[in-house]
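These notes concern the structure reproduced below.
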2 protein chains.
Amino acid sequence: MTVVALFTRPPEMPDPSGPQSAPNALIRKLERFSSFSDVEREAIGDLGAASEWIAAGKPIINAGDGPVMVLPLLEGVACQYQDFRDGRRQILSLLLPGDICGGSGEVSGPADYGVRSLSRVRIARIEAARFIALLQAHPAITIALTKSALVDQAVQRAWIVNLGQRRGHERIAHLICELAHRMSERGLLLSDGGFELPLTQQELGSMLGLTSVHTNRVLQQLRAENLIAFHNGVVHIHDAARLQALADFDAAYLSIPG
Amino acid sequence: MTVVALFTRPPEMPDPSGPQSAPNALIRKLERFSSFSDVEREAIGDLGAASEWIAAGKPIINAGDGPVMVLPLLEGVACQYQDFRDGRRQILSLLLPGDICGGSGEVSGPADYGVRSLSRVRIARIEAARFIALLQAHPAITIALTKSALVDQAVQRAWIVNLGQRRGHERIAHLICELAHRMSERGLLLSDGGFELPLTQQELGSMLGLTSVHTNRVLQQLRAENLIAFHNGVVHIHDAARLQALADFDAAYLSIPG
DNA sequence: CGGTTGATTGAGGCTGCTCAAAAGGTGTGG
DNA sequence: CCACACCTTTTGAGCAGCCTCAATCAACCG
């Protein structure tokens, strides 16, 4: 897969096959929600024509930014987060290729959150007006985006449940299950079934409301029980059934409700 | 205020002043986001013409329900929640008058959550088609609902942050601050500045990821520090400034971003 | 008055945090 | 190629927040 090479390529090297080479992640994601004509597929693909690469760890949206353009993530991984004055940070969502930075196409107001790249990332930058015109011209795209937004909201709810009701090891297990599904949906699994997750344990902890120290210990325990391994930014699931049972994971919420 | 009487009135008694008496909460909420013509105001008001009262503790939407009608809550308080097989429950959101049950006008798929009344509640039941027609006829209403949905999402994010990063007493403090603001916005404060919160400590705990036992102890502590009192379903804030400081609360996210 | 639900209290224990420091890894400059 | 700085991971010890189990109170209701 072209994805395998994506994160292992040195960040400073330009993409050897050019920005158009990767199948457009936005199309791949939206097609799960609505079927498109060739015209529509092309219209979506055109959005990614003008895209830029951003290095890992760079800001994409800063808290306080005014209304921004529509920013579909085409390659790489980013996160939405909120910082405290005292240094604590809560990661609010993980953005995978095909996701739109800053919620589902938000077109208003100063953001109360930030978005930054976790790996090298390719992002398109679309004028709101152009985006709206696209939606008006192609109802199928509007439908797909609406359904996509509903799934995004279901994911937010699942995070609330995860933080509110589960213990550390269950939280990690649930998050890994969720990501495995989302990665798989978009054809982002490695050939051995694992997937790239370019996070430090510190960052993983701040998605889950856990300390990096505790995250580390729980990961070791899960590894010892032969459930998962997380090493060098790659996750491997060794026993999916047991992992899902531990996490009380049900993938239904990640699919189209209707 | 008419609200004072609302929860203290015996559930089986019909509203003495009739369903049309209360100023329409939906209008009051949406006007915060967009200004309406008289025609629009009337159109929104008409939605509530056919409304029904539901007793406290009754289901409004059940997990698994297919696409439902649009259900604006006109009076009373309800909650959106998700249950575990083992009895744990996470409350996902509190619905106040003017809020729409089941997210922001969702029109699709089997719900992965339930909604139930926490007090006696008045709800309108609107055909999706009629609702959509309303939006198409009145762009100002569409704008208001869109902005409202953005605020709802900001609230969801705030809950994630609350659960992920704050301790028990901070969580409670933050939730109380949020609710005080939302109640105040809609003119639901009692004459003494308090507000009705028809929750058991058990339910409060399952919004905050805390045990009812622990919730109880933290409430007592907050009461002892003269910050808040929560008794008989009524919250009183005794020291708003100190409470907000404790909660690290900033009301900006509850306003219109833009 | 007995039944039921919710609030309160106590004792004891596990989960997860804090503080600290050591161990690995990686990129930089001499 | 090594020394050094920096970041992440790992480990240890001690403690606190929060939970579990259990029982008592208080209020309401038929």
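Note: hydrogens, waters and symmetry copies are ignored here, and every other heavy atom, side chains too, is used.
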Open item on the list: Please check this pair: side chain of A/Ser117 against backbone of A/Ala55, looking for a donor-acceptor N/O pair closer than 3.5 Å.
Closed with: yes
TODO: To the nearest 10°, let me know how far the axis at one end of the helix from C/dC1-D/dG30 to C/dG30-D/dC1 is tilted from the axis at the other, five pairs an end.
DONE: 30°
Task: For atom CD of A/Gln202 and atom P of C/dT18, their distance in whole Å - done: 11 Å
Open item on the list: Under a 3.5 Å threshold, yes or no: a donor from one side chain and an acceptor from the other, between A/Ser51 and A/Arg122?
Closed with: yes
- [ ] Enumerate the residue pairs fulfilling ring-ring contact (aromatic ring centres under 6.0 Å, His included) with a member in residues 154-189 of chain B, sequence neighbours excluded, ordered by first and then second residue.
- [x] B/His174-B/Phe249, B/His181-B/Phe249
Task: Distance (rounded to the nearest 0.5 Å) between A/Met183 CE and A/Leu190 CG - done: 9.0 Å
TODO: Starting from C1' on D/dT8, measure out to CG on A/Leu118 and report it in whole angstrom.
DONE: 15 Å
TODO: Only counting residues at least two apart or in another chain, list the ones meeting side-chain hydrogen bond (donor to acceptor under 3.5 Å, both in side chains) with B/Glu185.
DONE: B/Arg32
- [ ] Would you tell me if any nitrogen or oxygen in the side chain of B/Gln201 comes within less than 4.0 Å of OP1 or OP2 on C/dT8?
- [x] yes
TODO: Quick one: list whatever passes salt bridge (charged side-chain N to carboxylate O under 4.0 Å, His left out) with B/Arg166, sequence neighbours left out.
DONE: B/Asp248
Task: Test side-chain contact (heavy atoms from CB on, under 4.5 Å) applied to B/Gln220 - qualifying residues, sequence neighbours left out - done: B/Asn216
TODO: Rounded to the nearest angstrom, tell me the gap between atom CG in B/Leu219 and atom C1' in C/dT8.
DONE: 12 Å
TODO: Apply side-chain contact (heavy atoms from CB on, under 4.5 Å) to A/Thr200 and list each qualifying residue two or more places apart in sequence or on a separate chain.
DONE: A/Gln202, A/Glu203
Open item on the list: Please list, in numerical order, the residues of residues 220-236 of chain A that have a heavy atom closer than 4.0 Å to any atom of DNA chain C.
Closed with: none
Open item on the list: I'd like to compare against my own output: the B/S/- annotation of nucleotides 10-16 of chain C with a strict under-4.0 Å heavy-atom distance to protein.
Closed with: BB---SB
Donor-acceptor pairs under 3.5 angstrom involving side-chain atoms of residues 222-238 of chain B: please list them, not counting sequence neighbours.
unit_1   : atom_1 : unit_2   : atom_2 : d
B/Glu225 : OE2    : B/Gln221 : NE2    : 3.1
B/His236 : NE2    : B/Asp192 : OD2    : 3.4

TODO: Would you mind reading off the distance between B/Gln165 atom CD and C/dT18 atom P, rounded to a whole angstrom?
DONE: 10 Å
Task: Side-chain H-bond candidate by donor/acceptor type, B/Gln82 with B/Gln90, under 3.5 Å - done: no
TODO: Would you kindly say whether B/Gln201 and B/Thr215 are connected by a side-chain donor-acceptor distance under 3.5 Å?
DONE: no
Output a table of nitrogen or oxygen pairs between the protein and nucleotides 23-26 of chain D separated by less than 3.5 Å.
none

- [ ] Round to a whole Å and report the spacing from CG of B/Asn216 to P of C/dA7.
- [x] 8 Å
Task: Residue pairs involving residues 233-246 of chain B (criterion salt bridge (Lys or Arg N to Asp or Glu O under 4.0 Å); sequence neighbours excluded) - done: B/Asp239-B/Arg242
- [ ] List in chain and number order the residues that pass side-chain hydrogen bond (donor to acceptor under 3.5 Å, both in side chains) with B/Arg182, two or more places apart in sequence or in another chain; answer none if no residue qualifies.
- [x] B/Asp99, B/Glu178
